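Each remark here refers to the structure printed beneath this line.
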Amino acid sequence: MKYIIKGALLEVLDDSLTPPAELEYIKGNPRMITDMERLADWQAEVLRATEPGWMRAMIFAAARILQPVLAKLGSEKAVSLKSAMDYAWGLGDDVKTHLDILRESPDYEPDSLTAEFVYAQPTDSMLTLTRERFALDSIAGEGDDISRIKNLLYWVHDNIRHDGSKDVTADHFNLREIYDASRRDSIGVNCRGLAICLTEALLSVGIPAKYLTCQSKAWETDNDCHVICAAWSESLGKWIWVDPTFAAYVTDENGLLLHPGEVRNRLRNNLPLVLNSDANWNHEDKQTKDYYLDEYMAKNLYIISTNTVNQAEPEGPSGHLQGVIVALVPKGVDFNQSKVNTTDEDWFWKAPSKAF
């Protein structure tokens with residue numbers, strides 16, 4: 001198939017098909033510049049319109065591409081378009097990307113919260129049942145803690161299908177019942193159920209773990225969130241990101257595994273992030289860093305909450321003591337879906353020190 005392009009592509013997703021137009025090429029085409037300036041006038045009009053509806057966000061994204069090119073061309077339209085963009089930006093979050101919103105979030109700060117996180121030991125009766133039922137010691141293997149964590153991550157991902165439209169159908173939120181329900185009903189499990197399963201699997205072999213509910217700034221109107229896990233690596237002396245929905249983990253540019261707080265900080269500061277190359281959804285759709293981190297998780301890392309008591313059946317019907325939900329929020333953010341809020345990221349990500 002052959003394509004003929006008579007205009008100029010200012011931005012391309014895949015430059016192996018065709019590269020973006022070079023500035024010198026555009027400079028040599030006065031008619032093209034005139035058309036670009038006319039387009040800039042229209043974009044500015046939409047950005048300043050009283051009720052443009054959904055168009056403002058779409059046009060703002062297009063103006064982000066056009067305006068810098070006009071500025072390099074020395075066009076006065078670059079100034080008027082930038083003014084219209086600034087106006088639209090000041091109206092709220094509608095024209096902002098998820099990364100924009102995350103980068104504008106207030107900072108964290110230390111506070112005086114003294115609550116404790118606790119982690120069930122592998123000798124716990126319910127964890128023992130789970131470990132023996134699935135031979136999780138064998139699945140985890142005898143390698144270092146990183147390999148054991150990854151082995152259990154892949155095992156949950158491979159054995160329990162994800163379906164974001166389904167709530168957990170088990171009577172109790174433990175790995176055995178969730179696994180059996182998914183097999184019995186031939187259905188998938190939502191991300192919360194998968195994260196609860198992975199947390200229990202890790203705890204059962206002696207690896208402290210917790211599941212994290214990740215939500216957007218617009219949590220009151222945005223029903224979409226994502227639930228992942230953090231597993232404690234003794235060898236690294238830190239928590240690490242493990243997401244059973246996508247068999248995903250995240251590293252820096254040197255291959256060092258990161259925890260969700262570090263990923264969030266790197267997104268905010270435009271620092272390198274690497275998603276494992278085999279991250280996928282149900283072995284059908286490959287995940288990319290651009291979508292999974294820059295888009296989906298950038299949206300859902302504004303507020304992070306977790307349970308103070310990490311165990312089998314951490315929520316829902318159970319015969320044992322349940323914990324409370326603690327949320328890590330930026331300064332000044334009002335969030336009412338947790339029992340306790342904190343702005344202290346060091347406390348939230350502290351090493352596990354208490355067991356029961």
Side-chain angles (χ1 to χ4, degrees), residues 97-99 102 134 136 139-140 146-168 173 175 178-179 182 187-203 207 209-216 222-233 236 238-253 255-267 271-306:
T97 67
H98 297 139
L99 267 176
L102 186 64
F134 298 109
L136 292 180
I139 290 168
I146 300 301
S147 70
R148 297 176 74 226
I149 291 168
K150 288 182 178 179
N151 287 341
L152 290 172
L153 165 69
Y154 286 120
W155 181 82
V156 171
H157 176 76
D158 292 342
N159 284 276
I160 306 177
R161 182 177 175 82
H162 173 257
D163 184 343
S165 67
K166 296 288 194 305
D167 290 329
V168 178
F173 292 174
L175 173 53
I178 293 174
Y179 177 94
S182 69
I187 61 171
V189 175
N190 64 17
C191 59
R192 190 173 201 82
L194 285 168
I196 287 173
C197 288
L198 178 56
T199 298
E200 183 176 338
L202 291 162
L203 290 169
I207 298 172
K210 50 189 173 183
Y211 63 102
L212 307 165
T213 302
C214 306
Q215 293 174 261
S216 71
D222 181 5
N223 292 325
D224 172 73
C225 67
H226 190 51
V227 187
I228 64 174
C229 294
W232 179 256
S233 167
L236 296 178
K238 63 190 288 186
W239 297 98
I240 60 173
W241 174 306
V242 277
D243 179 356
T245 297
F246 298 105
Y249 51 90
V250 187
T251 70
D252 66 10
E253 67 275 25
L256 179 65
L257 287 158
L258 303 172
H259 70 60
E262 293 173 316
V263 173
R264 185 184 190 277
N265 182 64
R266 282 180 164 262
L267 284 170
L271 297 173
L273 287 169
V274 180
L275 178 67
N276 56 303
S277 60
D278 58 347
N280 70 89
W281 179 78
N282 287 334
H283 294 282
E284 296 172 15
D285 297 323
K286 177 181 172 60
Q287 296 300 297
T288 65
K289 183 261 184 186
D290 288 347
Y291 171 73
Y292 177 74
L293 292 176
D294 295 351
E295 177 69 20
Y296 186 54
M297 292 311 301
K299 176 180 84 73
N300 286 320
L301 285 173
Y302 203 89
I303 296 169
I304 306 173
S305 55
T306 192

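Positions are given from 1 along the sequence. Bear in mind that the values here come from a model prediction, so they are computed numbers and not experimental data.
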Between CG on residue Asp278 and CD on residue Gln287, distance to nearest 0.5 Å: 11.5 Å

Is there a side-chain contact between Thr288 and Leu275, using heavy atoms and a 4.5 Å cut-off? no

Quick check against the 3.5 Å criterion: does Asn276 have a side-chain atom that pairs as donor or acceptor with the backbone of Ala247? yes

Is a side-chain donor or acceptor of Thr306 paired with a backbone partner of Tyr211 at a separation under 3.5 angstrom? yes

Interatomic distance, CZ@Arg192 vs CD1@Ile228, rounded to 0.5 Å, equals 12.5 Å

OG/Ser216 to CG/Leu301 distance, rounded to the nearest 0.5 angstrom? 11.0 Å

Note: Phe173 and Ile196 closest approach over all heavy atoms is O-CG2, 3.7 Å

Distance, nearest 0.5 Å, that separates OH of Tyr302 from CG of Leu102: 8.0 Å

Which heavy atom in Asn151 sits nearest to a heavy atom in Ile139, and how many Å separate them? CB-O, 3.3 Å

Nearest heavy-atom approach of Gln215 to Cys225 is CG-CB, 3.7 Å

For residues Trp241 and Glu262, determine if any side-chain heavy atom of one lies less than 4.5 Å from a side-chain heavy atom of the other. no

Show the numbers, then the answer: is there a side chain to side chain contact (heavy atoms under 4.5 Å, CB included) between Asp163 and Ile187? CA-CA 7 Å; Asp163 184 343; Ile187 61 171; 5.7 Å; no

Could you tell me whether His162 and His157 have their ring centroids closer than 6.0 angstrom? no

Measure across Pro244 and Val156 and return the closest heavy-atom pair with its distance rounded to 0.1 Å. CB-CG1, 4.0 Å

When you compare the side chain of Tyr249 with that of Ile149, does any pair of heavy atoms fall below 4.5 Å? no

Main-chain N/O of Ser277 paired to Lys286 side chain as donor or acceptor, under 3.5 Å: yes

Quick check: closest heavy atoms across Cys229 and Thr199, and the distance to 0.1 Å? SG-OG1, 3.4 Å

Which residues pass the ring pair (Phe, Tyr, Trp, His ring centres under 6.0 Å) test with His259, sequence neighbours left out? Trp349

Apply ring pair (Phe, Tyr, Trp, His ring centres under 6.0 Å) to Tyr292 and list each qualifying residue two or more places apart in sequence or on a separate chain. Phe246

Cys197 and Ile160, any side-chain heavy atoms less than 4.5 Å apart: yes

With a 3.5 Å distance limit and no angle check, can you tell me whether Asp224 reaches the backbone of Asp222 through a side-chain donor-acceptor pair? no

Output the distance between atom CZ (Phe134) and atom CH2 (Trp155), rounded to the nearest 0.5 Å. 4.5 Å

Residue among Ile240, Leu293, Leu257 satisfying side-chain contact (heavy atoms from CB on, under 4.5 Å) with Val250: Leu293

Do the non-hydrogen side-chain atoms of Arg161 and Trp281 ever get within less than 4.5 Å of each other? yes

Thr245 versus Cys191, closest heavy-atom pair with distance: OG1-CB, 3.3 Å

Side chain proximity check, Leu194 to Val227, heavy atoms < 4.5 angstrom: no

Mind checking the CG-NZ spacing from Leu267 to Lys299? Nearest 0.5 Å is all I need. 14.0 Å

Under the rule for salt bridge (Lys or Arg N to Asp or Glu O under 4.0 Å), what residues qualify as partners of Lys150, not counting sequence neighbours? none

Side chains of Lys289 and Asp294: does their closest heavy-atom pair fall under 4.5 Å? yes

Counting C-beta onward and ignoring hydrogens, is there a side-chain heavy-atom pair between Leu258 and Leu273 closer than 4.5 Å? yes

